[in-house]
Participant: 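Here's a structure for you.
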Amino acid sequence: MASATFLSTLSLANKNYLLLTPTHACAKGYTNNFRVSNLPSIVVRKEGSVRSQGFVAMQEKGGSTLSDDSRTKTPHVLTVAGSDSGAGAGIQADLKACAARGVYCSTVITALTAQNTVGVQGASNVPEDFVAQQLKSVLSDMQVDVVKTGMLPSVGIVKTLCRTLREYPVHALVVDPVMVSTSGDVLAGPSILSTFREELLPMADIITPNLKEASALLNGMQLETVDDMRSAARLLHNMGPKNVLVKGGDLPDSSDAVDILYNGHNFYELRSPRIRTRNTHGTGCSLASSIAAEVAKGYPMLSAVKVAKRFVETALDYSKEIVIGNGPQGPFDHLLRLKSHSQDCHRQQPFDPSDLFLYAVTDSRMNKRWGRSIVDAVKAAIDGGATIIQLREKDAETKDFLESAKACLRICRLHGVPLLINDRVDVAIACDADGVHVGQSDMPACVARTLLGPEKIIGVSCKTPEQAEQAWVDGADYIGCGGVYPTNTKENNITVGLNGLKTVCMASKLPVVAIGGIGVSNARAVMEIRTPNLKGVAVVSALFDRECVQTETRKLHEVLLGSNIGST
Ligand SMILES: Nc1ncnc2c1ncn2[C@@H]1O[C@H](COP(=O)(O)OP(=O)(O)O)[C@@H](O)[C@H]1O
Ligand SMILES: Cc1ncc(COP(=O)(O)O)c(N)n1
Ligand SMILES: [Mg+2]
């Protein structure tokens, strides 16, 4: 890097600093801890430090305030590892772990492996100079916080990495000294051991060997007990890394998954119950990436390791029964999403506006008055022809509400009827309902959308064209418009009438369901306003404040069919 980019040196608190231009600092990867776009700023680098810890940014105007602006940057982990064609371990596991932990992950690929749940069928190293090129591309531009290493299959690649890291220092280095896959296949031979010991380990903030790898680094030392793991951690620490985590996933006869963390002063024995599952392929890679992710967010090492271990344990527990591949070691599900899609009868259907045809909205007080449970009420409404259900339980205790919601969801899924939760986004998430319905003073639809994800159904109550427009902008799927007629279900509710309904329908880009005082006697009049996006009626009292929910629902269904709209 040309020395012309140095502005000058500066003495602050008896330490020498180099002042770099932001462009230069950015190119060198020194800007990890603050916002570069906040120009004009001067980057101050502590002279002689190899790492970027302790970097400070200083405003050019108003000279004396030093500020760490780290909050504005996206945490970024670079993984330097091998590709696993089966995507359980290696680069693919790293990407998934980082995504699950909410950090950005870039990738430098060191080797391609032909791999599945049976084992490793082949491997091909990426040429050393191309590894160097990938490293430079990412590190010179992308403000990496933490580098995490996995499969480093040759001495040349290890040396290339160490050299590049000296040129482009990062905040922390996490080394998973991958040598043997869980299936027992060799991923990096013994020839790399001395380069690991002499060059890479001393640069590491943490190394995460499993039992076999710790043993190999310690010339074949036998590791069979937790005490052995402690001794190994101490010996490995002498090789120079700041922290050593000896992983005990493969510890024989242990009912717990025990890992030992040693930082040169203290030992921490981290225990979690051993999950009984075949799906442990990629646990080591995912643990190291998750540690890197937490460190990139700014957490101290002990917290990072604890959170990472809890994450792997949670994902293993969630994934213990998923079936991928025929071999002895399956991958697990980092994003905790695969199970619900594999159970056909529990799959959520995509939203279809014609589902709004006969929309049954429960009310616990009414059901109580008639001596029926919410679950029985929902069952009866579905039997009578309800096409979508909303649980609107304003007085229920959260625990009871959640239990009823889960029971109702089972019934709804069996019948292919969507189930939404009124107002309580937390309950909807907890029971994996099909969506929520929110009012104008509830959680804004755009926030609910962020929490629920893109495919859940979101409905919003609207009385005006402006509210309908906002619902569209916020990413809602439908709007509920009313009260069309006066109703006792809601206190102080303004009645918009058929005219108000028509105005909102004509302005709305979304499908509309009419609500408020609607029943057998007036449903036809509502549907006869005949705007194409009015898809149905939502009903509370006319179904649930009656003796027989099923009969009332059926009657309303017939009236709606007679009005010749909507459902096909
Ligand atoms: N069956 C399991 N249940 C819970 N945690 C596990 C299980 N197997 C491994 N782990 C944990 O996963 C992480 C990776 O460990 P390990 O499998 O020993 O590493 P590697 O994949 O490198 O061989 C460790 O934190 C370990 O304790
Ligand atoms: C490309 C590649 N890198 C690493 C591993 C280690 O896997 P595990 O995390 O199960 O020990 C692997 N099997 N393949
Ligand atoms: Mg393993």
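Computed from heavy atoms alone, side chains included, the values below leave out hydrogens, waters and symmetry copies. Note that the coordinates shown come from a computational prediction; the quantities given were computed from them, not determined experimentally. Atoms within a ligand are numbered from 1 in the order they appear, just like the ligands themselves.
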Participant: Does P273 come within less than 4.0 Å of ligand 1, judged by its heavy atoms?
Facilitator: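 P273: in contact with ligand 1 (<4.0 Å).
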Participant: With nothing but distance in play, are any N or O atoms of T277 less than 3.5 Å from an N or O of ligand 1?
Facilitator: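 T277 vs ligand 1: no N/O contact under 3.5 Å.
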Participant: First locate atom CE of M443, then atom CG of L452, and finally report the distance between them rounded to the nearest 0.5 Å.
Facilitator: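 Between atom CE of M443 and atom CG of L452 there are 8.5 Å.
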Participant: How would you list, by chain and number, every residue that makes a salt bridge (Lys or Arg N to Asp or Glu O under 4.0 Å) with D259, sequence neighbours excluded?
Facilitator: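 Checked D259 against salt bridge (Lys or Arg N to Asp or Glu O under 4.0 Å); matches are K309.
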Participant: Pairs of nitrogen or oxygen atoms closer than 3.5 Å, one from G282 and one from ligand 2: do any exist?
Facilitator: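 Yes, G282 has an N/O under 3.5 Å of an N/O on ligand 2.
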Participant: Going by distance only, is there an N or O of C285 that falls short of 3.5 Å from an N or O of ligand 2?
Facilitator: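 Yes, at least one N or O pair falls under 3.5 Å.
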Participant: Going by distance only, is there an N or O of T113 that falls short of 3.5 Å from an N or O of ligand 2?
Facilitator: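 N/O-N/O distance under 3.5 Å: no.
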Participant: Between T283 and ligand 1, does any nitrogen or oxygen pair lie at a separation below 3.5 Å?
Facilitator: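 Yes, there is a polar N/O contact under 3.5 Å.
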Participant: Hey, which atoms in ligand 1 end up nearer than 4.0 Å to a heavy atom of V312?
Facilitator: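 Listed by number with element, the hits are 12 (O).
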Participant: Would you say D84 and Q92 are linked by a side-chain donor-acceptor pair, where the criterion is simply a distance under 3.5 Å?
Facilitator: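 No, no side-chain donor-acceptor pair sits under 3.5 Å.
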Participant: Check contact between E313 and ligand 1, using heavy atoms of the residue and a distance below 4.0 angstrom.
Facilitator: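 Flag not set, E313 not near ligand 1.
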Participant: Hey, are D228 and T225 close enough side-chain-wise for a donor-acceptor pair under 3.5 Å?
Facilitator: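 The criterion, which ignores hydrogens and geometry beyond distance, is satisfied for D228 and T225.
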Participant: Testing the basics here: between G82 and T110, what is the closest heavy-atom pair and its distance to 0.1 Å?
Facilitator: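 Smallest interatomic distance, heavy atoms only, reads N-OG1, 3.5 Å.
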Participant: Going by distance only, is there an N or O of L316 that falls short of 3.5 Å from an N or O of ligand 1?
Facilitator: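 N/O-N/O distance under 3.5 Å: no.
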Participant: By number and element, which atoms of ligand 1 are closer than 4.0 Å to a non-hydrogen atom of L287?
Facilitator: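 So the answer, numbered in order with elements, is 25 (O).
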Participant: Could you check whether S289 and D94, counting side-chain N and O atoms only, form a donor-acceptor pair closer than 3.5 Å?
Facilitator: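 Judged by distance alone, the side chains do pair up.
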Participant: Which is closest to atom 26 (C) of ligand 1 in terms of heavy atoms, I291, T280, D259?
Facilitator: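 Minimum heavy-atom distance to atom 26 (C) of ligand 1 goes to D259.
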Participant: From the options I275, N210, L245, select the one whose nearest heavy atom is closest to atom 4 (C) of ligand 1.
Facilitator: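 Residue with the shortest heavy-atom distance to the ligand atom: I275.
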Participant: Applying ring pair (Phe, Tyr, Trp, His ring centres under 6.0 Å), which residue pairs with at least one partner in residues 203-241 are found, sequence neighbours left out?
Facilitator: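 Qualifying pairs: H237-Y262.
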Participant: Using distance alone, determine whether L187 and ligand 2 share an N or O pair under 3.5 Å.
Facilitator: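 Looking only at distances, the answer is no, because the N/O contact criterion of under 3.5 Å is not met.
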Participant: Without hydrogens or angle criteria, can the side chains of Q121 and N116 be said to hold a donor-acceptor pair below 3.5 Å?
Facilitator: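 Judged by distance alone, the side chains do pair up.
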